[in-house]
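Take a look at the structure set out below.
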Amino acid sequence: MNSLKTIEYLKDSYSKRICQLGKGKKSGKKIVGTFCIFVPDEIIFAAGADRVILCGGKNDTISIAEQYLPRNICPLVKSSFGSIVNDGCSGVKSCSHFDMVDLIVAENTCDSKKKMYELLDDYVPIHVIDLPQRPDSPAALNYFLDELDRFKSRMEQLTGNKVTDEQLKKEIKSSNEIRKLFHRLYELRKKDPSPINGTDVLKILQKQYFLSKDELKKSLNMLIDEVEEVDHRNEHMPRIMISGCPMSGGNTKVPEIVESRGGVIVAEESCTGTRSFWDPVDENKDPMLALAQRYIKIPCSCMSPNERRIDHILELAREFRVDGVVYYTLQFCHGYNIEKYKVQQALKDAGIPMLFIETDYSNSDVEQIGVRVDAFMEMI
Ligand code: BJ8
């Protein structure tokens, strides 16, 4: 498939966005950095602040992080931390948007992240949202609602703006519009053959928490228009779903391997995938309650029990008619690594083959993964 114009269009989106953030900052806008999809954007925007994602997907900052952190924690945490503490002296380019951040809004999810946030407190103020990790327990929703209220107050304090219900409703509607656009894009991926490669979709998904909302909407509309006009490939290619850890910006290793070996990725069950947009926020309820109800249901592996995730995987596998699932985990991500067992059982019962890949951000295992993907493609 020819390279997509939308991907070309987004090539210099990083520098444009940095420039936009810089201008906003000069005019007094506050900038919030986040690491996780449990943090409701709607509250940040309703307070009149801007938001950028800080998760690292690049390998080159990991050695910097390892001067502070143990080696045996996940590469996403090391890459993110390394980008932030990098002073540029080692020759690795430092993260140009971290310096603009006024506040990090973090969340209590996995242990590695929790402990990283304690260290980051030395670099920039942090507000941590505590997540009830048994989301279906009777007290969980009210606890989370209180945490979101606390977060709302912190945003009001930071920006000096009152977060009104009206403003929240406006932001919820706007975020739902983006979710609908992602659904339209994924609807197109249900075609067989799929008219778009998963690697290209991932490049957009990775930018969803970095671009401004307007730019994201524009890019998604461009992409949908473009994909609707794509001439169909004639041959059926094995339809693969990726499931597991997020793939932060800079990390497209596994989708590239899968798609260079004859498969096409048609869905991603991950936070750089369906988990980020699948469920809308109810626009007809009290906005804070609606946000709490929507966000508490995100099926991250930090939640227990997490049957919701298994159900979602099976639903996606059916809807997207997948031939196989690549279960992707980052090294030392215990939550997703352990959940693999239940996912594998459920997929086996549904007759769907699964390939398990545990990897990091380096290229040292590209060949080895390629050989295993080849064998998987032959089997499905
Ligand atoms: S909602 S998946 S974005 S926490 S890969 S740092 S889990 S050890 S990124 Fe995540 Fe929020 Fe959950 Fe999504 Fe820890 Fe695992 Fe590393 Fe991870």
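Remember, it's 1-based here, ligands and their atoms both numbered in the order they're listed. The model shown is predicted, which means the values in this text are computed figures rather than measured ones.
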Checking a contact table here: which protein heavy atom is nearest atom 2 (S) of ligand 1, and how many Å away? Tyr336 OH, 3.2 Å
Quick note on ligand 1: atoms under 4.0 Å from a heavy atom of Thr109 include exactly 4 (S)
Where is the nearest protein heavy atom to atom 14 (Fe) of ligand 1: which residue, which atom, and how far? Cys110 SG, 2.3 Å
Please state which protein non-hydrogen atom is closest to atom 15 (Fe) of ligand 1 and give its distance, to 0.1 Å? Cys333 SG, 2.3 Å
Asp41 and Lys213 ion-paired at < 4.0 Å: no
Check this for me: does any side-chain nitrogen of one of Lys25 and Asp102 sit under 4.0 Å from a carboxylate oxygen of the other? yes
Can you name the side chain to side chain contact (heavy atoms under 4.5 Å, CB included) partners of Lys342, sequence neighbours left out? Glu307, Ile310
Nearest heavy-atom neighbours spanning Arg179 and Asp279: CD-O, 3.5 Å
Numbered atoms and elements of ligand 1 in range of Cys300, under 4.0 angstrom, heavy atoms: 1 (S), 2 (S), 4 (S), 12 (Fe)
What atoms of ligand 1 come within less than 4.0 Å of a heavy atom belonging to Cys74? 5 (S), 6 (S), 8 (S), 16 (Fe)
Could you name the option among Lys113, Lys78, Met303 that has the heavy atom nearest to atom 10 (Fe) of ligand 1? Lys113
For Pro280, what residues pass the side chain to side chain contact (heavy atoms under 4.5 Å, CB included) criterion, not counting sequence neighbours? Asn176
If the threshold is 4.0 Å, N to carboxylate O, is there a salt bridge linking Arg71 and Asp360? no
Answer with yes or no whether Gly335 contacts ligand 1, where contact means a heavy atom under 4.0 Å from a ligand atom. no
Output the list of atoms in ligand 1 that are nearer than 4.0 Å to some heavy atom of Phe38, sorted by atom number. 1 (S)
Look at atom 11 (Fe) of ligand 1 and say which protein heavy atom is nearest, naming residue and atom and giving the distance to 0.1 Å. Cys36 SG, 2.3 Å
Steps toward side chain to side chain contact (heavy atoms under 4.5 Å, CB included) verdict (Leu188, Arg184): CA-CA 7 Å; Leu188 294 170; Arg184 273 183 62 201; over 6 Å; no
Does NZ or CZ of Arg189 lie under 6.0 Å from the centre of the six-membered ring of Tyr186, at an angle within 45° of the ring axis? yes
Would you say atom 5 (S) of ligand 1 makes contact with the protein, given that contact here means a non-hydrogen protein atom less than 4.0 Å away? yes
